[in-house]
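One structure is given here, and the rest of the page talks about it.
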Amino acid sequence: MNPMSAVVLWPADLTDLEGICYGWKQPLVCVAGVIATTDSAEAERMVTLASLRSEWSAVRQMFSSDPVVLGHCRSRSSEGRSLEFSFLDDSQNLEVGQLLVYRRHKRSSMRFYSFNFSELDILPSQESEGSDTRNVVALANESLAADFTRLGSSPKRKGAVFDAEVLSQANLAHLLAAIVEKEATSSDAPSNPSAGAPEPTGRGESPPPSRTTPITPSSSANIIATIYGASRRFSSTMEQCDIRYEQGLYVSREVSYVYKDKARTVHSISKYIKFHNCVWLVLNDVIIGVAFGSFLCENKQFFAQWLHYGLQTYLIDGMREALLWLNSWPAGLKLNTELSQFYCHSLVGLVSVWGWLLEHAAPCFPALVWLIGVGGCCGMTMIVSLLSDSLGLLMAHLYVCYYLSATVFSHQLGLAGSLWNLFRGKRYNVLRNRIDSWDYDMDQLLLGTILFTLLAFLLPTVLTYYALFATARLSVIIVHAMFDTITALLNHFPLFALLLRLKDPLRLPGGVFIQRSKTGPLLLSSQPAPLSSIFRHYAHLARRLITHYHPLRMLRQLASGRLLSPISREAIRYSMVPTEDVLKR
Amino acid sequence: MKRTIPLQEHPEFSIIDGYGWREFRVEAPGGRRRAASRLPSIGGLWLDACVVSGVAYCWKAATSTTPGMAVLFMVLLLYVYTRSTQIQWESVVIFPSIGIQLETHKGFAGVSLLASRKFVPWSSLEDFLINEGLRGWDVRYYCVAINRTLEGSLQLEVAFENILPRFPILLEVYHGVQEALQIEIERRTEPSV
């Protein structure tokens with residue numbers, strides 16, 4: 001028989017009564033309730049019948065032992081809460097060692113105790129998270145195991161200790177007490193299978209939906225799926241539509257489960273919170289979107305004119321003037337005349353063609369603004385992604401010019417690199433992927449010198465044109481980054497969890513702690529989750545964004561002629577649906 | 001409740017024994033100079049007096065305009081907030097048979113207004129250590145409780161995180177917790193009563 005623990009958990013609302021108390025003996029003595037009778041046989045019968053009920057058997061698997069009758073007890077609230085206890089099988093009077101008072105929360109209030117916030121799985125998850133911490137933990141475990149000065153290693157973990165099972169007992173004590181009281185008041189035959197809706201067995205009731213559309217054998221569906229996937233990468237509107245589709249699917253799947261759920265375990269509470277978070281978020285989004293969209297629709301003429309004016313002045317005429325300025329000795333720099341003329345004329349031609357296109361599309365601008373405003377019915381995020389996409393389309397000429405000048409620049413840099421190797425007498429070995437010394441022939445060296453002359457005279461010109469378009473592209477990328485960030489923030493805001501923390505912090509537990517009082521008993525209290533853990537996924541998102549848009553990284557990319565690109569959509573996409581990683585844990 | 005000061009040259013460290021718990025308390029430096037005094041220190045009071053007279057001086061000028069009033073209000077709020085959330089004491093509380101708890105108490109003049117606590121039950125406490133922290137040329141020792149979370153990863157909880165007392169105090173706390181851990185392990189592994 002395991003030694004009886006000296007700590008007794010006592011419900012806070014039971015004072016000044018006498019009777020037979022029942023609860024659990026393992027791992028700690030936890031009193032779930034008191035039956036006001038002195039007949040111990042009767043009490044045992046009631047407790048055994050209660051533990052056979054279907055509502056109890058639904059949650060029975062969380063515990064390692066059944067509830068039993070503990071003994072006769074009497075509590076007096078005067079003289080500082082003294083408690084007399086006597087255990088039935090030992091029949092010895094045991095003065096309670098340490099009293100730990102806890103609150104029995106009703107299941108319908110959805111309050112519970114928990115050791116840390118991650119038990120409540122309500123944050124959106126990504127597919128690629130948490131793989132880097134596993135190595136660190138393995139190392140730490142090994143160093144702990146190798147420490148010979150440690151007292152008490154793991155094997156004797158089970159025993160009379162305060163662990164997660166004790167918290168489950170505290171969470172479900174009210175349920176047990178309610179069942180026992182029902183037994184006491186009625187003497188019907190128990191264990192009717194239809195009493196109460198038992199929790200569906202197992203944790204993974206419904207399989208997680210796949211993110212992409214299902215692949216059917218027909219080839220046309222394949223083609224559509226690939227086109228859909230490709231369009232999601234290029235257009236943020238399609239991505240937003242995909243997010244909405246996924247949210248709609250999630251809500252329609254979960255609504256029946258959430259509203260018929262009677263058994264409030266931690267798993268079902270987290271589903272409840274996630275479901276309501278999704279619904280509230282979408283509704284809020286739609287409200288803000290409709291307000292902003294109607295503002296856009298009403299002032300579409302003004303916005304269309306402003307857009308037209310802005311595009312013409314800054315992006316068409318401004319670019320043209322900048323190119324012409326570069327052509328004619330910018331800031332006193334004497335660039336190569338022929339190359340500069342070629343660049344200038346071709347790019348000015350490109351920009352002018354685009355300007356001509358925009359002139360002819362100008363009457364459609366009000367309709368475009370109206371369309372963006374109408375998209376507000378699907379939410380503010382849809383407006384932001386439509387804006388982002390249309391801006392990307394309207395500035396396509398900048399992208400083309402940037403692409404051309406960046407390609408030329410990167411090729412010239414490559415040429416410079418290999419010429420550098422040539423003059424040092426080295427060569428890049430493609431087979432071995434390294435630099436080897438090499439003996440060049442005279443004509444190779446001569447050709448290299450000629451090429452070097454060409455490079456030295458042409459590179460400054462190429463560099464200046466590249467610099468112009470690179471700065472333009474950088475500002476466009478920054479605008480896109482802002483739009484993407486706003487979308488990601490709006491899409492995954494933990495609104496429900498935040499409001500829940502304000503309204504009823506006990507429903508969002510982030511830990512337990514023990515409050516000491518001046519006399520006698522200790523009080524087990526629940527700590528609400530800290531704000532940093534509610535916004536944990538935002539910290540992750542911020543880290544991703546900063547890594548991608550770090551100024552030094554951008555500068556390095558610019559200097560080496562690599563193409564700047566906005567962050568890929570998968571990196572900032574979170575999903576309400578638990579992914580396979582999370583399910584495997 | 002019994003209160004002892006085990007180290008003579010560190011009077012800010014005291015051990016308080018209560019019914020079912022044992023607290024190792026370290027008070028923030030610059031708090032009470034004399035152990036028996038209950039008044040706030042004179043330095044703090046002078047600062048408050050200066051601030052009050054400064055506010056009274058520019059009250060007329062500031063409250064005439066709305067932004068001025070808003071700025072004054074914000075400044076006063078900030079001042080009250082910083083003055084009332086100064087660290088008063090930090091402690092490590094040992095509950096035999098339950099676990100240990102790391103507490104930080106913030107308040108004003110020896111009275112604790114806010115308390116933040118971190119509870120580590122014996123079942124998830126892997127070890128309680130003194131670690132050597134290096135920051136540049138600075139070496140600072142700190143007590144840390146290694147907590148195993150439900151997912152299986154390890155988390156370090158630093159005791160006396162804001163005060164970071166010196167080594168003799170940490171040694172006392174370390175011995176106290178290790179003794180309690182030893183008693184707990186013996187209780188858990190002893191044969192039936």
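For the numbers below, each heavy atom of this structure counts, side chains included, while hydrogens, waters and symmetry mates do not. Naming: A, B, ... by sequence-line order, numbering from 1 per chain.
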Residues Leu522(A) and Gly20(B): closest non-hydrogen pair is CD1-O, 4.4 Å
For Phe119(B) and Val512(A) the tightest heavy-atom approach is CB-O, 3.1 Å
Here the pair of heavy atoms bringing Phe115(A) nearest to Leu150(B) is CB-CD1, 4.4 Å
Of all heavy-atom pairs linking Ser153(B) and Val137(A), the shortest is CB-CG2, 3.7 Å
Margin query: Looking at Glu126(B), is its backbone amide N or carbonyl O close enough to the side chain of Arg150(A) to form a donor-acceptor pair, meaning the two atoms are under 3.5 Å apart?
Written below: yes
Turns out that what part of Asn141(A) lies under 4.5 Å from chain B's heavy atoms comes down to both
Answer key: most heavy-atom pairs under 4.5 Å with chain A among Met1(B), Lys118(B), Glu23(B) is Glu23(B)
Heavy atoms of other groups near Arg117(B) CZ, more than 12 under 6.0 Å
yes
So, the part of Gln101(B) with a heavy atom under 4.5 Å from chain A: the answer is side chain
Any side-chain heavy-atom pair of Phe513(A) and Glu103(B) under 4.5 Å: no
Cut-off 4.5 Å, heavy atoms of chain A, and the answer for Val120(B) is neither
One should read off an interatomic distance between Ser143(A) OG and Leu154(B) CG, to the nearest 0.5 angstrom, of 8.0 Å
When the 4.5 angstrom heavy-atom criterion is applied to Phe128(B) and chain A, the contacting part is neither
Closest heavy-atom pair, Asp163(A) versus Ser123(B), reported as atoms and distance to 0.1 Å, is CB-OG, 3.5 Å
Note: Leu144(A) and Arg148(B) closest approach over all heavy atoms is CD1-NH2, 4.4 Å
Rounding to 0.5 Å, atoms OG (Ser517(A)) and CH2 (Trp21(B)) come to a distance of 9.0 Å
Item to check | Phe167(B), CZ: over 12 other non-hydrogen atoms inside 6.0 angstrom | outcome: yes
Taken to the nearest 0.5 Å, the spacing of Thr149(B) OG1 from Asn116(A) CG works out to 6.5 Å
